[in-house]
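See structure below.
Letters A, B, ... mirror the listed sequences (proteins, then strands); counts begin at 1. What you are looking at is a predicted structure, and each value in this text was computed from that prediction instead of being measured.
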Amino acid sequence: MIDARLLTTEPDATAAALARRGVDAAALADLRDLDDRRRQLIAEVDQARAQQGGASKAIGQAAPEDRGAMIQAAQELKDVVARREAELAEVLDEHARRFAAVPNLPHPDAPDGVEGDGVVLRTIGPDKPVLDFPPRDHVALLEDADALDLARAGKVSGARFAYLKGEGALLEFALVRYAIDVAMRHGHTPVIPPVLVREEAMYGTGFLPTDEQQIFATRDDDLYLVGTSEVPLAALHMDEVLDPAALPLRYAGYSPCFRREAGAHGKDTRGILRVHQFEKVELFSFVAPEDSDAEHERILGIEEEIFAGLEIHAQVVDIPVGDLGASAARKFDLEAWLPGQDAYREVTSCSNTTDYQARRLKARMRVADGDNVLVHTLNGTALAVQRAIIALVEQHQRADGTVVVPEALVPHLGREVLFAS
RNA sequence: GGAGGGUUGGCAGAGCGGACGAAUGCACCGGUCUUGAAAACCGGCGGGCGCUUCGCGCGUCCCGAGGGUUCGAAUCCCUCACCCUCCGCCA
C-alpha cells in the first residue's frame with residue numbers, strides 16, 4: 001500500500017510516478033478525495049466520542065438521584081456516535097479496498113516499458129556456451145539418467161509435478177547447501193519457515209487479494225500454501241517496532257513453493273521450468289529506508305555470485321515499470337541461458353518493495369526523536385532449485401549426456417560428473 | 001481428538017462495571033551524589049489514528065483478535081486465535 005498522504009502532500013509527483021505504471025490522474029484525485037473524507041470523518045467521530053465519554057464520566061460522579069436524566073441524555077449521544085461510526089466504517093472499507101489496488105511508486109531509475117522491454121545491464125559467469133553437438137534439454141538429460149520422473153508424477157499428482165530422483169535429488173541438496181553457504185557468508189540467517197500461513201500473512205505481503213487465483217488454499221483450516229518463503233519471512237516481523245540497532249535483519253529461507261499457475265495453461269508445459277511445487281532459497285531483508293537501494297544492489301550481488309560460482313552464463317535485467325509486481329519499486333532478474341530452449345529464461349528475481357509491503361505488515365523502526373517509521377523490505381531469489389538444475393545441466397552437458405559439475409558444487413555434491421553410470 | 005487453566009505496558013504482575021492507559025517491582029533512559037563506578041534518591045519511560053499557531057501540545061482508540069450488553073467494559077456475554085497442564089495419537 002502506498003502512503004495515502006502523498007496524494008495530498010505531493011499530488012503532482014505522485015501522479016507522475018504512478019502514470020508511468022498506467023494509473024491515471026483522475027483516479028488518484030478520487031482517491032485523494034476519499035482520503036480527505038476519511039480524515040474528516042475521523043475528526044467527527046473523535047469529537048462525538050469525546051462528548052459521549054464526558055457525559056458518561058459525569059454520571060459516575062453524580063449523586064444517584066441525579067443520574068436518571070443524565071443517563072437519558074447520554075443515550076442520545078450514544079446514537080450520534082453510532083451513526084458517525086457507521087459512516088466512517090463504510091469509508092474505511094472503501095479506502096482499504098481502493099488503496100490496496102494502487103501499485104507501489106516506481107523507482108526513478110527503473111526503466112520505462114512493458115514486459116520484454118527489460119534493460120540488460122551485463123552478463124555474468126562464463127561466456128555464452130557454444131556446444132559442438134545438438135544440445136539436449138533438461139528433460140532429456142535428467143530422464144535418461146533416471147534423475148527425473150514426470151510421467152509418474154502426472155499419475156500421482158497431475159501435470160506440472162515432478163519426482164526428482166537419485167542424482168536429481170542429490171543435486172537439490174547440494175545446490176541448496178551451496179546457496180545457503182553463500183547467503184550466510186553475506187550475513188543472512190538460514191531459516192526454514194512455515195509454508196502454511198494465515199490470511200493475514202498473505203494479505204500483509206500483498207499476495208492477497210491480488211494473486212488469489214495463484215494460491216493454493218486448504219479446505220478445512222483457513223490456511224494458505226505459500227508461493228514463496230518471502231511470505232513467512234516478511235510476516236516474521238509483522239506488527240513489530242524494530243530496534244534500529246538490530247537492522248538490517250537478513251534472512252535466507254529455504255522452503256517448497258506452491259503455485260497454481262492459473263492462466264499459464266499451455267505455457268512452459270515441458271519439464272520442470274514451471275511447476276506447481278518447487279523449492280527455493282529466498283533472501284529477505286528488513287532495512288532502514290535510506291539503506292534500501294544499497295541493499296537491493298547487495299542482494300543482486302549475492303545472486304550473481306551464486307550463479308557465477310556455478311559457472312552459469314546469465315544476464316542481469318533491469319525490469320521495466322510495466323512489468324513490475326504491484327509491490328515492487330524496482331526489480332532485477334537474472335536470466336540464464338538455456339541451450340535446450342535457445343533462450344534466456346528467468347532464474348532469479350529481486351525486488352525492492354520500499355515501504356509498500358511494510359505498510360501493510362506494520363513493520364516499523366523505532367526513531368529516537370519523532371515518529372516511528374516504516375522499514376523497507378527487499379526480497380530476492382538466492383536459488384530456485386528446479387530452474388537452477390535446468391540451467392546447470394543444460395549448460396554443462398557433454399555430448400555423451402553426462403554433465404560436468406562446477407567446481408564450487410563438487411564438495412556439496414560429492415562428485416565431479418553427473419549421470420556417468 | 002478429550003478435559004481443565006491461562007493471554008494486562010520490554011519483562012514480571014495487580015486490577016474483575018464508574019475517577020484505569022491501567023498499581024507495584026525489574027529492566028531501560030536522564031539527573032543528583034561520587035575521583036570514577038555501584039548503591040541510594042529524584043524524574044522519565046507503549047502503540048495507532050486525527051488535529052496542530054508543528055512548540056511543548058490537544059483529542060480519540062488500543063488490557064490476545066473480532067463482535068455484543070451498558071449512559072459507562074481490562075472487568076459481564078458470544079465467537080475465534082494462541083499458550084500451558086493432563087489423557088489419547090504421532091515423526
Side-chain angles (χ1 to χ4, degrees), chain A residues 1-10 31-100 192-204 208 217-224 232 235-247 249 255-256 286 355 357-375:
Chain A
M1 186 134 64
I2 66 160
D3 181 1
R5 199 120 226 175
L6 286 175
L7 297 177
T8 301
T9 57
E10 304 274 346
L31 286 176
R32 200 226 311 113
D33 291 346
L34 182 61
D35 193 48
D36 285 348
R37 175 113 182 92
R38 176 185 69 97
R39 289 211 298 275
Q40 191 201 327
L41 273 171
I42 286 171
E44 286 174 21
V45 165
D46 281 359
Q47 203 201 341
R49 286 209 268 234
Q51 267 179 30
Q52 199 238 347
S56 289
K57 206 165 241 184
I59 292 168
Q61 288 159 334
E65 61 269 26
D66 297 335
R67 287 186 181 179
M70 295 173 80
I71 287 175
Q72 217 164 36
Q75 272 166 339
E76 282 163 35
L77 289 172
K78 184 185 174 184
D79 292 338
V80 175
V81 171
R83 275 198 300 275
R84 281 274 172 274
E85 281 180 339
E87 270 181 81
L88 177 59
E90 217 170 285
V91 169
L92 286 179
D93 200 63
E94 190 184 347
H95 191 276
R97 213 177 49 245
R98 294 190 52 190
F99 271 86
I192 299 190
V195 294
L196 283 166
V197 301
R198 293 232 180 98
E199 189 176 352
E200 293 94 292
M202 282 294 184
Y203 179 81
L208 279 178
T218 59
R219 185 181 52 197
D220 295 329
D221 294 289
D222 287 330
L223 290 168
Y224 297 88
L236 201 51
H237 296 295
M238 178 162 63
D239 265 318
E240 290 186 24
V241 180
L242 300 166
D243 176 4
L247 296 177
L249 285 163
S255 79
F286 296 84
D355 64 6
Q357 203 172 47
R359 183 165 291 108
R360 280 200 185 184
L361 288 167
K362 299 190 183 72
R364 305 183 299 278
M365 180 179 93
R366 201 172 304 288
V367 172
D369 289 309
D371 297 330
N372 294 338
V373 299
L374 295 164
V375 297

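Side-chain atoms of A:N372 come within 3.5 Å of backbone N or O of A:V367 as a donor-acceptor pair.
Looking at the side chain of A:R49, the nearest of the listed nucleotides B:rU60, B:rA81, B:rG72 is B:rU60. Comparing B:rC51, B:rC71, B:rG47 against the side chain of A:R39 picks out B:rC51 as the nearest. Of the candidate nucleotides B:rA81, B:rG48, B:rG72, B:rG48 has the atom nearest to the side chain of A:N372. Out of B:rG48, B:rC61, B:rG50, the shortest distance to the side chain of A:R364 is found at B:rG48. Between B:rC82, B:rC49, B:rC71, one nucleotide has an atom nearer to the side chain of A:I42 than all others, and that is B:rC49. Side-chain atoms of A:D46 lie closest to B:rC49 of the nucleotides B:rC71, B:rG48, B:rC49. Comparing atom distances between the A:R38 side chain and each of B:rC49, B:rA81, B:rG72 picks out B:rC49 as nearest.
Of the options A:R364, A:Q357, A:K362, a side-chain contact (heavy atoms from CB on, under 4.5 Å) to A:L374 is made by A:R364 and by none of the others.
The residues A:R39 and A:D36 are annotated as salt-bridged, a charged nitrogen and a carboxylate oxygen being separated by less than 4.0 angstrom. Ionic pairing of A:R37 and A:E90 is not present here: no N-O contact between side-chain nitrogen and carboxylate oxygen is shorter than 4.0 angstrom.
Base pairing analysis places B:rC82 opposite B:rG6; the two distances defining the Watson-Crick or G-U wobble pair are each below 3.5 Å. Pairing of B:rG1, defined by two Watson-Crick or G-U wobble distances under 3.5 Å, is identified with B:rC87. Figure legend. B:rA27 is base-paired to no nucleotide; pairs are counted as Watson-Crick or G-U wobble with both atom distances under 3.5 Å. With a cut-off of 3.5 Å on both pairing distances, the Watson-Crick or G-U wobble partner of B:rU60 is B:rG48.
Look at A:R366 and you won't find any side-chain N or O under 4.0 angstrom from OP1 or OP2 of B:rG46. In terms of phosphate contacts, A:K78 brings a side-chain nitrogen or oxygen within less than 4.0 Å of OP1 or OP2 of B:rG72. Contact between the side-chain N/O atoms of A:K57 and the OP1/OP2 oxygens of B:rG18 is not found at any separation under 4.0 Å.
Nucleotides of RNA chain B nearest to A:R5 and A:V241 differ in position, and the one nearer the 5' end is that of A:V241.
Put simply, NZ on A:K362 is 14 Å from C1' on B:rC61, counting in whole angstrom units.
Taking the C1' atoms as reference points, B:rC16 lies 14 Å from B:rC77, given to the whole Å. Between B:rA22 and B:rC80, the two C1' atoms lie 26 Å apart (nearest whole Å). B:rG15 and B:rG64: their P atoms are spaced 15 Å apart (whole Å). Taking atom C1' on both B:rG13 and B:rG17, the two are 22 Å apart, rounded to the nearest angstrom. B:rC84 and B:rG25 have their C1' atoms separated by 24 Å, given to the nearest Å.
Looking at heavy-atom distances under 4.0 Å, A:R84 makes no contact with the nucleic acid at all. Across all strands shown, A:A50 has heavy atoms under 4.0 Å from sugar-phosphate atoms exclusively, and none from any base. Looking at heavy-atom distances under 4.0 Å, A:Q52 makes contact with sugar-phosphate atoms alone, never a base.
Enclosure of atom CG in A:D222 is not indicated, since only 12 or fewer non-hydrogen atoms of other residues, nucleotides or ligands lie within 6.0 angstrom.
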Show which side-chain atoms of residues 42-54 of chain A pair as donor or acceptor with protein atoms under 3.5 Å away, not counting sequence neighbours.
residue: A:E44; atom: OE1; partner: A:R84; partner atom: NE; Å: 2.9
residue: A:E44; atom: OE2; partner: A:Q40; partner atom: NE2; Å: 2.9
residue: A:R49; atom: NH1; partner: A:E85; partner atom: OE2; Å: 2.4

